[in-house]
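Below you'll find the structure, written out as structure tokens, and then a few comments.
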Amino acid sequence: MANDTNRFQAIISHCKEYGFIFPSSEIYDGLQAVYDYGQMGAELKKNIKDYWWKSMTQLSDENIVGIDAAIFMHPTTWKASGHVDNFNDPMIDNKDSKKRYRVDHLIEGFAEEQSATGNEQLAKDTLTAMDALIAKDDFAGLKKLIEDNKIKCAISGTCNWTDIRQFNLMFSTEFGNTVSSDGEDNKIYLRPETAQGIFVNFLNVQKTGRMKIPFGIAQIGKAFRNEIVARQFVFRMREFEQMEMQFFIRPGTQKEWYEKWKSTRLDWHKSLGMPADKYKFHNHVKLAHYADAACDIEFEFPIGFKELEGIHSRTDFDLKQHQEYSKKKMQYFDNDVDPETGKPFGNYIPYVIETSIGLDRMFLAVMSQAYTEEDLSTEEKKDERVVLKFPAKLAPIKMAVLPLTKKDGLPEIAEKIIADCKSQFRCFYEEKDSIGKRYRRMDALGTPFCVTVDHQSKEDNTVTIRHRDSMEQERIPIDKLKEIVLNAIA
RNA sequence: GCGAAAGUAGCUCAUUUGGUAGAGCACGACCUUGCCAAGGUCGGGGUGGCCGGUUCGAGCCCGGUCUUUCGCUCCA
């Protein structure tokens with residue numbers, strides 16, 4: 001475990017040292033749980049995005065289109081989705097044990113205890129009182145309720161509580177250029193999930209795209225959450241990026257589609273060459289208010305198995321809510337004939353299967369899988385290298401071209417190779433330092449191919465190509481280069 | 001948010017009772033070498049996280065603050 005912590009630290013350092021990820025606003029001491037992607041990280045992240053987008057909107061067997069909805073949404077969106085009411089949990093701390101509790105959990109725990117010991121009435125009254133107080137945001141009243149019932153901390157056994165505080169899930173900001181006398185008038189949220197941008201556009205896409213159920217809408221975009229503790233590098237950030245796909249289906253078919261998307265998504269991960277034993281499903285026992293089935297695809301990060309992607313059967317909850325709040329029919333007319341009744345399926349609010357993967361978490365998964373420290377020591381000397389064994393298609397730089405010396409016309413040949421390839425994939429030129437040093441630098445960036453131009457190149461138009469993982473080299477004609485790299489990154 | 005630890009050059013670290021900072025790597029120039037890091041010479045780079053206090057004098061002592069790490073708590 002201590003070793004894994006070290007490995008995680010090493011990965012974080014490597015990310016910063018080689019231009020993958022920097023702490024945000026670092027010159028001002030950084031901003032907690034916010035990170036910037038650097039010159040290498042931005043490339044890797046973009047390559048992950050492209051791979052996901054293409055797998056959804058182009059290669060999938062299903063009918064899926066992509067959209068790009070705004071981060072700002074009408075405030076009612078978040079009332080409909082339940083984010084305003086369901087995710088603003090009042091919290092309270094016990095001063096002696098320093099434990100923090102969600103107020104509702106604490107009181108519910110007390111009520112359960114009471115009903116287990118036969119005090120059904122007290123349990124019921126307490127819960128009723130709690131619901132009324134929560135609905136009014138009456139924190140003082142809630143605290144009084146806790147104190148009146150002498151609800152104790154399970155750890156310290158004391159009733160020494162702090163005041164109740166509210167933790168806002170959502171970031172809010174001012175919308176519009178005039179200051180309102182009532183701040184609430186202009187209040188607007190930064191979206192805490194991209195999914196709602198898809199739901200509110202369900203009818204637009206379905207109608208303009210003449211989409212027939214089943215079909216999906218995919219989206220990549222930023223989302224914002226005020227985490228209670230935001231830590232562990234890019235694993236849990238306040239500003240993060242999601243890759244979500246909402247798949248609209250006929251009611252009653254959610255079970256089979258849920259299973260199908262579970263396996264489809266796991267296959268996607270494996271298609272990147274990620275080892276299968278690094279993944280496992282974690283089924284949710286306690287379901288969110290909108291789901292009838294939910295699981296996570298967990299990945300074994302250096303900090304243990306953690307959620308990487310969520311697959312949720314969201315029922316018709318979201319569309320139904322939006323139909324209610326917007327007074328617009330969120331329905332689909334299904335002309336297909338139901339074989340059981342011989343009649344069309346007719347009008348219904350579609351059910352939804354959601355696949356939602358954290359882009360930053362995927363970045364971290366790819367990075368931690370790729371990061372390798374290799375001992376290359378021989379009897380004569382100690383040696384080691386750090387190499388990022390990215391799948392070639394995700395690597396920020398695909399090919400480095402290195403003239404063995406910086407004279408005798410070798411740089412010119414190298415430049416020509418780059419000029420010929422750079423429209424197809426990212427190339428990098430380097431003539432400084434010894435060739436071995438340059439190879440190692442490219443290893444540290446995860447560049448799959450290093451091409452070295454030497455004196456023989458001038459005579460027969462061949463170069464050596466060096467493979468990152470095996471460190472093996474082969475001599476090939478210059479005009480074969482592009483094809484080799486393109487094949488590897490296809 | 002609570003508790004603990006840490007913050008010295010781009011990176012990794014040193015400066016052992018307080019006397020205004022050093023090394024290796026990295027970086028730049030030149031020379032040399034030329035297929036798997038660490039050849040030579042010269043050079044640039046630090047108001048010691050930030051603010052304040054004690055002191056003739058503080059990187060080192062004290063207080064505050066910010067950030068990070070670890071643990072707890074929470075997790076749609």
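To find a chain, count down the sequence lines: A is the first, B the second, and so on, and within it residues start at 1.
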Original post:
Does A:Arg191 use its side chain to pair, donor to acceptor, with the backbone of A:Phe72 at less than 3.5 Å?
Top reply: no

Are there any protein N/O atoms within less than 3.5 Å of an N/O atom in nucleotides 24-27 of chain B, and if so, which ones and at what distance?
| unit_1 | atom_1 | unit_2 | atom_2 | d |
| --- | --- | --- | --- | --- |
| B:A26 | OP1 | A:Lys437 | NZ | 3.2 |

**OP:** Identify whether any heavy atom of A:Arg385 sits under 4.0 Å from a base atom; if not, whether one sits that close to sugar-phosphate; answer base, sugar-phosphate or nothing.
**Re:** nothing

**OP:** Rounded to the nearest angstrom, tell me the gap between atom CZ in A:Arg438 and atom C1' in B:G34.
**Re:** 9 Å

**OP:** Look at the side chain of A:Ser434 and decide which nucleotide, out of B:A37, B:C36, B:C75, has an atom nearest to it.
**Re:** B:A37

Subject >> Centroid-centroid distance, A:Phe363 to A:Tyr37, less than 6.0 Å >> reply: yes

**OP:** May I ask you to say what A:Asp443 touches in the nucleic acid, namely base, sugar-phosphate or nothing, with a heavy-atom cut-off under 4.0 Å?
**Re:** nothing

**OP:** Could you list all the ring-ring contact (aromatic ring centres under 6.0 Å, His included) pairs where at least one residue sits in residues 432-477 of chain A, not counting sequence neighbours?
**Re:** A:Phe449-A:His467

Subject >> Centroid separation A:Phe202 to A:Phe248 less than 6.0 Å >> reply: yes

Subject >> Integer-rounded Å distance: B:C35 P and A:Glu472 CD >> reply: 18 Å

Original post:
Hey, does A:Glu17 reach any base, or is it just sugar-phosphate, or nothing, if we go heavy atoms under 4.0 Å?
Top reply: sugar-phosphate

Original post:
Ion pair present between A:Glu193 and A:Arg314, side-chain N to carboxylate O less than 4.0 angstrom?
Top reply: yes

Original post:
What stems involve RNA chain B, if each pair must be Watson-Crick or G-U and both of its distances must be under 3.5 Å, with 3 or more such pairs in a row?
Top reply: B:1-7 with B:66-72, B:10-13 with B:22-25, B:27-31 with B:39-43, B:49-53 with B:61-65

